[in-house]
Amino acid sequence: MEVGFLGLGIMGKAMSMNLLKNGFKVTVWNRTLSKCDELVEHGASVCESPAEVIKKCKYTIAMLSDPCAALSVVFDKGGVLEQICEGKGYIDMSTVDAETSLKINEAITGKGGRFVEGPVSGSKKPAEDGQLIILAAGDKALFEESIPAFDVLGKRSFYLGQVGNGAKMKLIVNMIMGSMMNAFSEGLVLADKSGLSSDTLLDILDLGAMTNPMFKGKGPSMNKSSYPPAFPLKHQQKDMRLALALGDENAVSMPVAAAANEAFKKARSLGLGDLDFSAVIEAVKFSRE
Ligand SMILES: NC(=O)C1=CN([C@@H]2O[C@H](COP(=O)(O)OP(=O)(O)OC[C@H]3O[C@@H](n4cnc5c(N)ncnc54)[C@H](OP(=O)(O)O)[C@@H]3O)[C@@H](O)[C@H]2O)C=CC1
Ligand SMILES: O=CC(=O)O
């Protein structure tokens, strides 16, 4: 199977590498073209624009930072819309809001193409290990044709119905994750400031009902004030913002998520946006000083 891949950031690089390792022919494009070099060393072909990738491939996957990037890659000069046509499928796995996904769907289907949104849950390591959770929605036949690729990228693929449902589900999952990360950060700082060992707190949490891979994976490095980016904080804040907008639309009161969003915004204002989202603990420390 031949696929195109647009966007070689933390996730896109790991995902396209996995496809290559599993025998897919992959044609890549990235805004910063030099990031394609490593993929080329592993057998990928490169194109100079999203439109060229679409022209070459029957199926193209995108993994871009945010709604602005997702829209730009489709609508701008040299973008997806210039070549999408009947017989081609476009699968956008970026985390965006439903409105963005619906706009892209309308434009793609308006030209005779087919569209699936497929945001993923799981970070850099699950992407490297092909253990993502895929939250897909849109054209059912394209979803089914995408299963061989989804099976390489992820451990489970959900089909959630109409376009927008994948985006909404992803934002809800990440809203919960961002709120949890804030409660966790406050607990670690509070333990430390109360004269307790935050490493012992990790051991206690791990033995009880709150044990989870996120606390287990991020806790030790947070206790060392180390935040190598797996999931950039700026993207987590984008997800909180988009989830809060979904809450507004549905008149769901979300004070916990709103407070968590403030902490991520604070962390961004401290210049921590490109670090891992666990760096939000620095905003908790800062607010105490
Ligand atoms: N990292 C993670 O753990 C996870 C991330 N996600 C989601 O996946 C998506 C990608 O995340 P991640 O790989 O971490 O992000 P990165 O910041 O590492 O990569 C972002 C990608 O988007 C591209 N991009 C940004 N702006 C534009 C633009 N205007 N036009 C074209 N391309 C653009 C970047 O290109 P360039 O290299 O030129 O900057 C890069 O390829 C995000 O929506 C994120 O929320 C979902 C699950 C987990
Ligand atoms: O979107 C981030 C993730 O870890 O999932």
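When a ligand or atom number is given, it counts from 1 through the structure's own listing order.
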Please list the nearest protein heavy atom to [atom] with its residue and the distance rounded to 0.1 Å.
{"atom": "atom 19 (O) of ligand 1", "result": "G9 CA, 3.3 Å"}
{"atom": "atom 24 (N) of ligand 1", "result": "S65 OG, 3.9 Å"}
{"atom": "atom 23 (C) of ligand 1", "result": "L64 CD2, 4.0 Å"}
{"atom": "atom 39 (O) of ligand 1", "result": "R31 NH2, 2.9 Å"}
{"atom": "atom 7 (C) of ligand 1", "result": "T95 OG1, 3.4 Å"}
{"atom": "atom 36 (P) of ligand 1", "result": "T32 OG1, 3.5 Å"}
{"atom": "atom 18 (O) of ligand 1", "result": "I10 N, 2.9 Å"}

Is the count of non-hydrogen atoms from other residues, nucleotides or ligands lying under 6.0 Å from [X] atom [atom1] greater than 12?
{"X": "K13", "atom1": "NZ", "value": "no"}
{"X": "E48", "atom1": "CD", "value": "no"}
{"X": "K56", "atom1": "NZ", "value": "yes"}
{"X": "E2", "atom1": "CD", "value": "yes"}

Are any of the N or O atoms of [X] closer than 3.5 Å to those of ligand 1?
{"X": "K234", "answer": "no"}
{"X": "M63", "answer": "no"}
{"X": "M11", "answer": "yes"}
{"X": "S123", "answer": "yes"}
{"X": "K170", "answer": "no"}

With heavy atoms only and a cut-off of under 4.0 Å, state how [X] meets ligand 1: side chain, backbone, both or neither.
{"X": "K238", "result": "side chain"}
{"X": "A230", "result": "backbone"}
{"X": "V96", "result": "neither"}
{"X": "K35", "result": "side chain"}
{"X": "H235", "result": "side chain"}

Sub-4.0 Å atoms of ligand 2 with respect to non-hydrogen atoms of [X]:
{"X": "F231", "answer": "1 (O), 2 (C)"}
{"X": "S121", "answer": "5 (O)"}
{"X": "K170", "answer": "1 (O), 2 (C), 3 (C), 5 (O)"}

With a cut-off of 4.0 Å, which atoms of ligand 1 are near a heavy atom of [X]?
{"X": "V120", "value": "46 (C), 47 (C)"}
{"X": "L8", "value": "41 (O)"}
{"X": "V73", "value": "31 (C)"}
{"X": "N30", "value": "35 (O), 36 (P), 37 (O), 38 (O), 40 (C), 41 (O)"}
{"X": "P232", "value": "1 (N), 14 (O)"}
{"X": "G7", "value": "41 (O)"}

Quick one: does [X]'s side chain have a donor or acceptor within less than 3.5 Å of a partner on [Y]'s backbone?
{"X": "K170", "Y": "V120", "value": "yes"}
{"X": "E117", "Y": "S101", "value": "no"}
{"X": "S179", "Y": "M175", "value": "yes"}

Below 4.0 Å from any atom of ligand 2, is there a heavy atom belonging to M177?
yes
Rounded to the nearest 0.5 Å, how far apart are [atom1] of [X] and [atom2] of [Y]?
{"X": "S157", "Y": "I147", "atom1": "OG", "atom2": "CD1", "answer": "5.0 Å"}
{"X": "L242", "Y": "I172", "atom1": "CG", "atom2": "CD1", "answer": "12.5 Å"}
{"X": "K25", "Y": "L20", "atom1": "NZ", "atom2": "CG", "answer": "12.0 Å"}
{"X": "Q236", "Y": "R268", "atom1": "CD", "atom2": "CZ", "answer": "12.0 Å"}
{"X": "L171", "Y": "I176", "atom1": "CG", "atom2": "CD1", "answer": "11.5 Å"}
{"X": "Q131", "Y": "L153", "atom1": "CD", "atom2": "CG", "answer": "11.0 Å"}

Should Y90 and L71 be counted in the same cluster of Ile, Leu, Val, Met, Phe, Trp and Tyr side chains packed under 4.5 Å apart?
yes
Charged N to carboxylate O below 4.0 Å: is that the case for E282 and K285?
yes
May I ask you to say whether K55 pairs ionically with E52, meaning some side-chain N is under 4.0 Å from a carboxylate O?
no
Determine, using heavy atoms of C68 and all atoms of ligand 1, whether some pair is separated by less than 4.0 Å.
no
Does G122 come within less than 4.0 Å of ligand 1, judged by its heavy atoms?
yes
I need the contact type for H235 against ligand 2. Using non-hydrogen atoms and a strict under-4.0 Å cut-off, is it side chain, backbone, both or neither?
neither
Can you tell which part of N174 has a heavy atom less than 4.0 Å from ligand 2: side chain, backbone, both or neither?
side chain
Any residue meeting ring-ring contact (aromatic ring centres under 6.0 Å, His included) with F215, in chain and number order, not counting sequence neighbours
F184
What class does the angle between the rings of F264 and F277 fall in, given that below 30° is parallel, 30 to 60° is tilted and above 60° is perpendicular?
parallel
Polar atom proximity, [X] to ligand 2 (N or O, under 3.5 Å):
{"X": "G122", "value": "yes"}
{"X": "D239", "value": "no"}
{"X": "T95", "value": "no"}

Show me the side-chain donor-acceptor pairs of residues 249-259 shorter than 3.5 Å, one per line, residues at least two apart or across chains.
| unit_1 | atom_1 | unit_2 | atom_2 | d |
| --- | --- | --- | --- | --- |
| N250 | ND2 | L246 | O | 2.8 |

